[in-house]
Amino acid sequence: MAKLLIVEDDTTLGKAMVDELTEAGFEVVWAKEANEAFTKLKEGKINLIYLDIMLPGELDGYEILRKLKQDGSEYKNIPVVMLSNLGQMKEIDRAMEIGASDYVVKANIDLSRLVELTKSKTALSQ
Amino acid sequence: MSDPANQAIQDNLRQRDKVLSAITAATEVFLRGSLATWQDNVLQVIRTLGHEFGAKRIYLCKHNEVTDEKVVTGVRYEWLAEGDQTRIDIPAMQQINIQEAGFGRWAGVLYHSGVIAGKVSDLPISERGWFMSATALTVIVVPVFVEDKWWGFIAFEDYAAGGSWTQAEIDAIKTLAVTFGAAIRRKRSEEELQREKAFVEQKARETEDVAKFPEQDPYPVLRASKDGVVVYGNKSAEPLLNFWKIAVGQSVPDQWKTVIAEVFANKKSKEVDVEFSGKIFAFLFVPIEEGDYVNLYGRDVTQERRAEQMKTDFISMASHQLRTPLTALRWYSERLLKKKDSLSDQQVEMANTIHETAIGLARLVDDLLSISRIERGKMDPKPALNNLIDVLKQGWQELKIQADEKKINLEFDQQTGLQPFVFDADLIKQVYLNLLSNAIKYTPENGKVTTTVKMVEGMVQIDVTDTGMGIPVGDQVNVFQRFYRSQKAIDAGIEGTGLGLSVAKMVIDRSGGKIWFESTEGAGTTFSFTLPYSLEVTPPDPVTEDAQVADY
């Protein structure tokens with residue numbers, strides 16, 4: 001089964017995603033900021049990353065994405081779905097330019113839809 | 001030389017010499033005298049004349065009124081040989097109606113440049129009343145004209161004891177009257193000149209005072225040629241010139257040259273924010289066509305902008321802060337609903353309500369953000385080409401599940417191929433989401449909601465058609481009113497804020513499109529909006545670029 005990394009600083013939202021996707025049969029690891037995210041990435045093969053844009057710490061979502069997608073990155077081929085709060089086209093466009101493969105606007109999506117999306121994204125990458 | 005005829009000629013000549021030299025003296029006085037001493041000059045002249053002529057009384061009358069029917073005159077200057085009674089001091093003598101006083105004949109004669117001359121005893125009885133002194137034996141009256149207008153007359157009483165005047169004397173006195181008329185004329189033009197001079201000086205003072213206006217303005221005022229060279233800057237503009245590192249006579253920075261050229265070409269004023277010395281000034285660029293320049297009027301808007309910024313920051317922050325708990329409500333109520341088997345029907349219903357309310361609330365936050373953004377007059381600060389179908393499909397996808405739950409058939413009918421064109425993707429998506437979610441909300445189960453995209457008269461038209469309950473005719477006029485909700489919808493228990501359609505209208509109005517609807521109660525509603533199909537990205541407006549402070 002596919003392994004997911006969720007990078008989300010909000011515990012409540014992170015937990016809901018982790019629980020729902022775990023129940024859907026995925027292996028899910030959860031990081032709350034950049035360092036933790038890269039540690040989890042090193043720990044084992046990740047098939048899909050959900051990446052929040054606004055994050056505490058040194059690196060925000062864009063910067064993590066840039067590191068993931070930069071030349072020579074071993075994680076370059078892992079699809080990244082951005083977790084957007086406001087759904088502003090500008091922030092989404094920016095993420096897509098850097099190399100995100102999709103985005104979701106958190107308040108505008110149900111978890112059931114997130115599960116469907118995860119299934120289709122991981123099916124593609126595997 | 002005792003020939004009487006010869007003697008008479010010699011006397012005549014002597015008399016004429018005397019009269020002429022007196023007149024020359026008088027002319028000189030009139031020519032050289034200044035206006036300030038006019039009164040004294042006239043009196044001096046008539047005194048001299050009186051002495052030289054051996055007259056008893058000389059007076060000048062100036063008409064107050066001359067018409068065909070009447071002449072009203074008054075004594076203005078008078079000289080008396082000693083011991084006679086003055087006339088100038090008698091009020092009645094300042095307002096004499098010549099006709100009524102019995103001198104009507106004089107008026108006729110004098111008016112035609114004639115002269116009244118002779119013995120008083122030869123005058124008609126009615127005319128003798130004029131002479132207050134019984135000693136007045138002779139009189140000579142000559143008219144004075146100023147610029148062809150009958151000004152008045154000069155009268156000499158008891159001038160020649162014999163009562164007869166030679167033509168030479170009469171001519172000389174007439175010449176005197178002409179000189180006097182000319183002197184008055186000169187006096188008048190001098191007065192006119194003085195008035196003009198005073199007027200010009202007054203205007204100059206006023207202009208000087210007005211010119212101080214921009215200089216005294218506490219706000220910056222500048223003038224630049226249409227090519228952007230500063231030709232004037234008041235004291236308050238100095239910090240701006242320093243900030244631009246220029247002085248009067250030099251060009252403004254290129255960015256502002258563009259604005260100056262633009263307002264001049266468009267003949268339309270434009271307000272632009274400029275930040276310097278820790279303050280924000282809104283500069284109104286006003287093109288002055290007849291002067292080939294542009295005036296810049298600055299206004300300190302630091303406080304205003306700060307307040308706007310705070311409002312913007314607050315709304316932005318509040319939205320972020322609100323959306324996270326809303327997402328939590330949405331997701332946890334959904335997770336609760338997954339455990340249906342361990343919940344009672346009532347609990348499921350409650351969890352459902354929480355779930356739907358959270359969704360509605362998230363949409364409300366979006367609407368409030370859009371309103372705040374539009375009300376600040378800020379559409380997309382960086383207009384870009386967007387793919388409309390992609391944007392609509394995203395919205396469509398977001399609502400698909402909601403439609404599926406109600407078993408509503410959600411169709412998308414693209415009737416035209418579209419190139420990417422310029423529109424604000426966020427706002428148009430918002431409009432579409434509002435229309436589509438309304439359509440889903442107001443359409444009963446097993447209904448149908450169709451989105452159609454087509455070209456109509458060069459505009460892109462998007463129709464959202466539902467098979468819902470329709471809008472009652474009585475409510476139709478209020479559909480786009482903010483916070484308006486149809487009683488029918490409220491009765492049907494359909495959630496809503498009454499914001500969605502007003503936001504849609506605001507967005508479409510400002511995007512250069514139109515929005516409208518057609519509805520039949522019980523059969524369904526079609527909401528339509530159009531967008532200009534503009535494929536050209538116009539460069540961002542320096543105004544919004546400079547005023548840009550945040551995304552919201």
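Here is the naming used below: chain letters follow the sequence lines, and residue numbers restart at 1 for every chain.
- There is no contact between B:V365 and chain A, counting heavy-atom distances below 4.5 Å.
- With a threshold of 4.5 angstrom between heavy atoms, A:N85 approaches chain B through its backbone and through its side chain.
- For a heavy-atom cut-off of 4.5 Å, chain B lies close to A:T12, A:L13, A:K15, A:A16, A:M17, A:D19, A:E20, A:E23 in residues 12-27 of chain A.
- Under the salt bridge (charged side-chain N to carboxylate O under 4.0 Å, His left out) criterion, B:D509 pairs with B:K505, not counting sequence neighbours.
- Residue-environment remark: NZ (B:K448) stays at or below the threshold of 12 foreign heavy atoms within 6.0 Å.
- Within residues 97-116 of chain A, the residues having any heavy atom under 4.5 Å from a heavy atom of chain B are, by residue number, A:Y103, A:V105, A:K106, A:A107, A:N108, A:I109, A:D110, A:L111, A:S112, A:R113.
- In this structure, A:M96 places its CE atom where more than 12 heavy-atom neighbours from other residues, nucleotides or ligands lie under 6.0 Å away.
- For the set B:R363, B:H355, B:K400, B:Q402, the count of heavy-atom pairs under 4.5 angstrom toward chain A peaks at B:H355.
- By the neighbour-count criterion of 12 heavy atoms within 6.0 Å, atom CZ of B:F314 is sparsely surrounded, having that number or fewer from other residues, nucleotides or ligands.
- Looking at B:Q430, there are no atoms closer than 4.5 Å to chain A (heavy atoms on both sides), in backbone or side chain.
- By the neighbour-count criterion of 12 heavy atoms within 6.0 Å, atom NZ of B:K339 is densely surrounded, having more than that number from other residues, nucleotides or ligands.
- Judged as a side chain to side chain donor-acceptor pair (under 3.5 Å), not a single pair has a partner in residues 56-69 of chain A (not counting sequence neighbours).
- Summarising the geometry, atom CG belonging to A:D93 is positioned 7.0 Å from atom CG belonging to B:N386; distances are rounded to the nearest 0.5 Å.
- In this structure, the portion of B:K429 lying under 4.5 Å from any heavy atom of chain A is its side chain and not its backbone.
- Of the inter-residue distances, the one linking B:T324 atom OG1 with A:E8 atom CD reads 7.5 Å to the nearest 0.5 angstrom.
- Distance check, rounded to the nearest 0.5 Å: CD1 of A:I92 to CD of B:Q394 gives 6.5 Å.
- No more than 12 heavy-atom neighbours from other residues, nucleotides or ligands sit within 6.0 angstrom of CD on B:E349.
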